[in-house]
Structure formats: structure tokens, C-alpha cells
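Working notes, beginning with the structure itself.
No experiment lies behind these values; they were computed from the predicted model shown.
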Amino acid sequence: MLNIRLLQHVRNPLRPPTRILVCSKVALCIMPVTQIAIGAVHLDDCPREPQIPIYLIVSGVFSLALALLSCLPCSRQVNDEPTNPLSRVCTAWNSLTTFFLFCWFVVVRSSSSSCASSAIIMSNTALLQRIRDPPQPPTPILVCSKVALCIMPVAQIAIGAVHLNNCPREPHIPIYLIVSGVFTLALALLSCLPCSRQANDEPTNPLSRVCTAWNSLTTLFLFCWFVAGNVWIYSIYEPNYDKTAADPYCNRTLYLFAFWTTTLVYILLGLFFVGGCCVLVCFCLLGRADPDDV
């Protein structure tokens, strides 16, 4: 009987406090974010083996996806609960992503000493350079894009402020919306300053360095704040919407807005992953079809 109870505790461990969960998620995301940053900054700085920065970026993106998707409620299921289709989809997605990361690690490691693999990536260097330095769009398109980017932060600030005291079930949710909206709106507005746009042939000035450092710190804070918001939002799914009930409630408009705006990030992230995989496959196919490799 003692062994059975011990096995039961191992299968159903106690849930740690929210602060420990947030800190663990942030700690798990430090290395993937570092991989993405270093790989993107030095994308063309390794002609000896151009696959290395691409390897860092892809590994960081998919590892970050695994860490963020682990915050979803479908990734946590008690053994005595019935299996639902969403849980099966999340399990399959996590398994496929883990398998891809393993294959990506093995393939890049085995091909790092292969000249053929280097030729494949070198044939696409010009395309990667155009991706890093895209042409400047017209001014009306820039203005419309900035306005579109500001719609969601303004809505977050407005809904969070209106329902600031309407979620006793989890009071952090309206604060999460307000802070996210303010910092996202600040990033969108600061991107209009001339210090945030600099050509590659221009010398780096102190103001540009300050803007770059501020944008990096703000982005890092928003990422950590997003992880905390995932814990606050998904941990109470689905709350009581009835204000007159005995249990603590959460305003329906407030919670559903926070839930779907957060879930939308994962949907866009999934589409980005699918598109990235398609681009990588196209790179490999075009590289193998290059007549210079024959």
C-alpha cells in the first residue's frame, strides 16, 4: 500500500505556487531567446559554416514554442480526467516538435563538416540578405501599419481599465492587459523615431544604441510578462462569470478578451512555424537543384 501511494504521488505531483511556475517558465525561455538573438545578429557572420546561425534561430524558435505551449491548459491534465481532443492535439504537436528538434540537432551536427551542405546554404545567402534588408514600403502603408499595430494595445488598456475591479477570481488579469497594452503601445510609437531606423552603411551613434537597448529590454519584459499572463489566464479556465454566485467571479468580457488575445499569439506562432518549415524545405530543394552542385 505504501508503494501504491508513493506511485500515486509521483503520477500526480503537487502543483507548485504560481510564482515558482512563472520563474521556471522564464528560466526555460532564456536560452532559446539567446539562441534566436545571437543567430539573428550574426546571420551572415559565419561564411565558414553558414548553417550555424540558422541552426541557432530554428532551435531557439521551436524550443521557445515548446516552453510557451506548456503554459496552455491542454498540456496539463489530471489522470482521472477524460481525454479531450484538444489535449490529444497538444500532445501530438509537442511530440512532433520534440522529434523535429532532435532531427534538426542530428542533421545539423552531422552536416556541419559537409561541404555540400555549406554550398546549399551559400546559394541562398543573397535571399537571406534581402530578407534582412527588405525594401522600404511607401509612407501610406507605413502609417496604416502603425495604426493597425496600435489598435490591440489600446483595446487592452481600455478593457483592462474599465474592468479593473471586475475579476476577483484573478485580479492580475486586468493589470496584465493594461501593462501589456502600455508597453506594446510604447514600442509601436518609439519605432516611429529616427533612432530606431538606421541603414547598414551609417555609423552607429549613441542615441541609436540607447534606442536599441531600450527596445530590447522592453521586448524582454513583455515576453516575461506574457509568460506570467499565461499562468494567470489559463490557470483559472473556465471561471465563474456570475457576479451573484458564491464563488469568486471574473467578468466575461474581460476574461474572454484576455483569453483569446493570448491564444491568438499561439495561433500566429503556429502559422509562423508552418511557414518557416516550408521556407526551409524550399531552401533545401533549391539548393539541391542548383546546377553548381552537380
Side-chain angles (χ1 to χ4, degrees), residues 25-70 93-135 196-204 208-209 212-213 215-220 222-224 226-227 268-294:
K25 296 299 181 183
V26 172
L28 287 176
C29 295
I30 292 177
M31 183 59 69
V33 171
T34 305
Q35 288 179 314
I36 297 172
I38 294 179
V41 170
H42 300 286
L43 186 60
D44 296 326
D45 294 343
C46 188
R48 178 66 181 84
E49 184 49 74
Q51 284 187 352
I52 293 178
I54 298 177
Y55 164 73
L56 290 176
I57 295 175
V58 175
S59 300
V61 168
F62 277 85
S63 300
L64 193 61
L66 279 179
L68 293 178
L69 289 175
S70 64
W93 172 258
N94 291 336
S95 302
L96 290 176
T97 306
T98 305
F99 178 73
F100 169 79
L101 282 174
F102 174 76
C103 296
W104 182 249
F105 174 78
V106 173
V107 169
V108 173
R109 183 178 179 182
S110 62
S111 63
S112 59
S113 60
S114 174
C115 296
S117 299
S118 180
I120 291 174
I121 303 299
M122 288 298 292
S123 63
N124 297 313
T125 303
L127 180 58
L128 292 175
Q129 185 65 29
R130 293 188 62 184
I131 293 176
R132 290 186 61 189
D133 301 321
S196 62
R197 300 186 299 273
Q198 184 177 4
N200 292 331
D201 53 354
E202 293 182 359
T204 305
S208 176
R209 293 178 180 176
T212 302
N215 290 336
S216 302
L217 291 176
T218 306
T219 304
L220 179 61
L222 280 175
F223 172 76
C224 299
F226 176 76
V227 174
L268 296 178
L269 197 61
L271 295 177
F272 173 77
F273 290 153
V274 174
C277 292
C278 295
V279 171
L280 290 176
V281 171
C282 292
F283 280 173
C284 294
L285 294 178
L286 291 175
R288 293 178 180 177
D290 195 338
D292 295 337
D293 297 338
V294 180

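Of all heavy-atom pairs spanning I52 and C46, the tightest one is CD1-SG, 4.1 Å. Here the closest non-hydrogen pair linking S63 and S59 is OG-O, 2.7 Å. Scanning both residues, H42 and P53, for their nearest heavy atoms gives O-CB, 3.5 Å.
Atom SG in C277 sits 9.5 Å away from atom CZ in F272 (nearest 0.5 Å).
Legend: residues meeting side chain to side chain contact (heavy atoms under 4.5 Å, CB included) with L220, ordered by chain and number and at least two apart, are C224. Considering only residues two or more places apart in sequence or on other chains, V58 meets the side chain to side chain contact (heavy atoms under 4.5 Å, CB included) condition with I54, F62, F100, W104, L280. Residues meeting the side chain to side chain contact (heavy atoms under 4.5 Å, CB included) test with T34, sequence neighbours left out: I30, I38.
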